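To start, the structure under review is shown below, and the notes come after it.
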Protein chains: 2
Amino acid sequence: MPSKVPSSIKDGHTHKISEATVSRLPAYYRALSQLADAQQIRISSEELAALTGVSSAMLRKDLSHLGSYGTRGVGYEVEFLRYQISREMGLNQDWSVVIVGVGNLGRALAHYGGFGSRGFRVVALVDADQTLIGTKVKCGAEGKTVELLVHALSDLEDVIKETNARLGVVATPAESAQVVSDRLVKAGIRSILNFAPVHLSVPEGVDVRKVDLASELQILAFHEQRKAI
Amino acid sequence: MPSKVPSSIKDGHTHKISEATVSRLPAYYRALSQLADAQQIRISSEELAALTGVSSAMLRKDLSHLGSYGTRGVGYEVEFLRYQISREMGLNQDWSVVIVGVGNLGRALAHYGGFGSRGFRVVALVDADQTLIGTKVKCGAEGKTVELLVHALSDLEDVIKETNARLGVVATPAESAQVVSDRLVKAGIRSILNFAPVHLSVPEGVDVRKVDLASELQILAFHEQRKAI
DNA sequence: ACACATTTGTGCAAAAAAGCACAAATCGTC
DNA sequence: GACGATTTGTGCTTTTTTGCACAAATGTGT
Ligand SMILES: NC(=O)c1ccc[n+]([C@@H]2O[C@H](COP(=O)([O-])OP(=O)(O)OC[C@H]3O[C@@H](n4cnc5c(N)ncnc54)[C@H](O)[C@@H]3O)[C@@H](O)[C@H]2O)c1
Ligand SMILES: NC(=O)c1ccc[n+]([C@@H]2O[C@H](COP(=O)([O-])OP(=O)(O)OC[C@H]3O[C@@H](n4cnc5c(N)ncnc54)[C@H](O)[C@@H]3O)[C@@H](O)[C@H]2O)c1
């Protein structure tokens, strides 16, 4: 009778995790990090769900895809679960990010301190504007500030090779975004975060996630319009 | 036989439009706007789908929820369809936006010109930082620049009343986001765009959309990690 | 050792979203 | 004015996601 084959066997993460689940893991991870900072040892699915705005059933099902890391009747150990999620998502390694387009938004992203603490390091800035190229931009918030040189667009491939960047951020105007994306891909980047309001077409095997702020406002406006009175 | 009851009857948009569809309408709208700018008169579902990165069947089904605005064998009239989407989404009116938190990100949003051209007007800036309050910040890109005064957090309710803002943007640190959100709601705001990396809990009837950049990078990292070699 | 209160993990049902395939409508042409 | 080439709109199927409910596991107290 196989009564001794349990938990540890399903921990191997060869299992396919659904896209919907993946999109929620970061929120769980963040909440767990905060709980860990606050020295909390354990948490129930009910509480963690409330913190992250999902139902407890969904939370448990999401987590069950990673393995059986909770204890029935008790809950989850905060630090242990946090570590498991970070391992699953590849957050226990550092990720190098290149930002293309150092305007309003690119600069705000560079200044932002919240990335570093999550294992993302902005390692290169690239722009096409001659007056920007060669200038220095502060990266990261207080504590871990680094000054980065803005490189010329023509050096994009070299910069990526030298810095080993694996994530690319497109923060150029819409007109340039596709060209920039093509060059990022050609230089070996296979994960792109796009802020320009255009659809980027990329070869299979390359992931693009878009952040479209105007769309978000439009979606809000749509619902707002429908609210009576 | 009711063979004379067709198209026009289903145009009334009392019909429920699915959330997935709503989230794609802005992309269609933007592509159509570009096509209109380029003087293109007509477009097929196949072409528009390619421009926006969806399948043509999905595009047609999405559009069919608004009404029957295409012509079989021909396609859609760019300007007409664009107008129908804008009407459906409430984009033929202006939406006033209040931004709370005028740091890196809040400032970038304020400077951004792309909102104005889509009917969103930043009408008020609010911050808690004494050194920022009373200073002026340029809003909008060249052409339609306005200088806005940064108001004190204590004036939030008054500012919202005076400016009639209906959309609120939270760009404060995570610690303050829930408090700010509560006050926005109390002041009558029922649509919030949240950039702070926390889940905002709001009463029923209030919509929150979150833009979580660190999460986006983490999702990319997850997939990147899984790509062999 | 045993009853009891918790809380997880999951099988199954329901709902939502995406994809397929084709009839119906339209246009241009002969 | 009939025919063939196109392209929409949509019924139906498949897949994905969410929600429900409860058995299985754990801890506690007596
Ligand atoms: N700023 C915002 O709040 C905001 C909001 C929504 C969307 N966006 C989008 O984000 C993108 C950036 O916005 P922004 O406000 O920072 O614009 P911006 O004009 O301030 O900055 C764009 C930067 O890209 C550079 N650039 C132009 N072409 C380039 C190229 N081919 N290669 C490299 N760099 C190039 C420019 O020199 C400039 O520095 C735009 O697509 C915009 O639509 C911005
Ligand atoms: N800058 C980015 O690229 C970026 C990226 C991802 C997420 N975010 C998130 O967006 C938010 C803003 O980021 P930022 O880089 O602009 O931070 P920031 O520190 O530059 O700006 C925050 C601003 O909010 C103000 N503020 C603080 N408490 C307030 C309160 N109670 N009411 C009103 N204003 C208050 C501060 O005075 C400051 O001006 C943060 O939650 C951050 O985590 C920013």
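Every chain is numbered from 1 and lettered A, B, ... according to where its sequence line falls, protein lines coming before strand lines. Keep in mind that this is a model prediction, so the values were computed, not measured.
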Find the distance [X]:[atom1] to [N]:[atom2] and express it as a whole number of Å.
X        : N       : atom1 : atom2 : result
Met58(B) : dA21(C) : CE    : P     : 17 Å
Asp62(B) : dT8(D)  : CG    : P     : 14 Å
Glu46(B) : dA5(D)  : CD    : C1'   : 15 Å
Leu59(B) : dT10(D) : CG    : P     : 14 Å
Lys16(B) : dA15(C) : NZ    : C1'   : 12 Å
Leu63(A) : dT18(D) : CG    : C1'   : 16 Å
Glu77(B) : dT7(D)  : CD    : C1'   : 15 Å
Tyr69(B) : dT10(D) : OH    : C1'   : 17 Å

Nearest to the side chain of [X] - [options]?
X        : options                  : answer
Ser55(B) : dT18(D), dG19(C), dG9(C) : dG19(C)
Arg60(A) : dT8(C), dA18(C), dT18(D) : dT8(C)
Glu19(A) : dT8(C), dT17(D), dT8(D)  : dT17(D)
Lys61(A) : dG9(C), dT8(D), dC12(C)  : dC12(C)

Worksheet entry | side-chain N/O Ser18(A) vs dT17(D) OP1/OP2, d < 4.0 Å | yes
Worksheet item: Does Tyr76(A) make a side-chain N or O approach to OP1 or OP2 of dT26(D) shorter than 4.0 Å?
Response: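 Checking dT26(D) against Tyr76(A), no side-chain N or O comes under 4.0 Å of OP1 or OP2.
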Fill in: Atom pair OG (Ser56(B)) and NZ (Lys61(B)), whose distance is rounded to the nearest 0.5 Å
12.0 Å
Worksheet item: Is the shortest side-chain N to carboxylate O distance from Glu157(A) to Lys186(A) below 4.0 Å?
Response: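 Not counted as a salt bridge, because no side-chain N and carboxylate O are separated by less than 4.0 Å.
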Practice prompt. Using a strict cut-off of less than 4.0 Å between a Lys/Arg side-chain nitrogen and an Asp/Glu carboxylate oxygen, indicate whether Arg226(B) and Glu88(A) qualify as a salt bridge.
Written response: yes
Discussion item. When you compare the side chains of Arg121(A) and Ser96(A), does any donor N or O come within less than 3.5 Å of an acceptor on the partner?
Written reply: no
Item to complete: Using only heavy-atom distances, determine whether the side chains of Arg42(B) and Tyr76(B) contain a donor-acceptor pair under 3.5 Å.
Response: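 Looking only at side-chain atoms, Tyr76(B) and Arg42(B) do not form any donor-acceptor pair under 3.5 Å.
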Discussion item. Any base atoms under 4.0 Å from Ser56(B), or only sugar-phosphate, or nothing? Heavy atoms, all strands.
Written reply: nothing
Worksheet item: Counting only heavy atoms not in Glu46(A), do more than 12 sit closer than 6.0 Å to its CD atom?
Response: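 No, because the 6.0 Å sphere around CD of Glu46(A) holds 12 heavy atoms or fewer from other groups.
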Practice prompt. Take nucleotides 25-30 of chain C nucleotide by nucleotide from the 5' end and write B, S or -, depending on whether a protein heavy atom sits under 4.0 Å from the base, only from the sugar-phosphate, or from neither.
Written response: BBS---
Fill in: Thr52(A) (side chain) donor-acceptor with Leu48(A) (main chain) under 3.5 angstrom
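It does hold such a pair.
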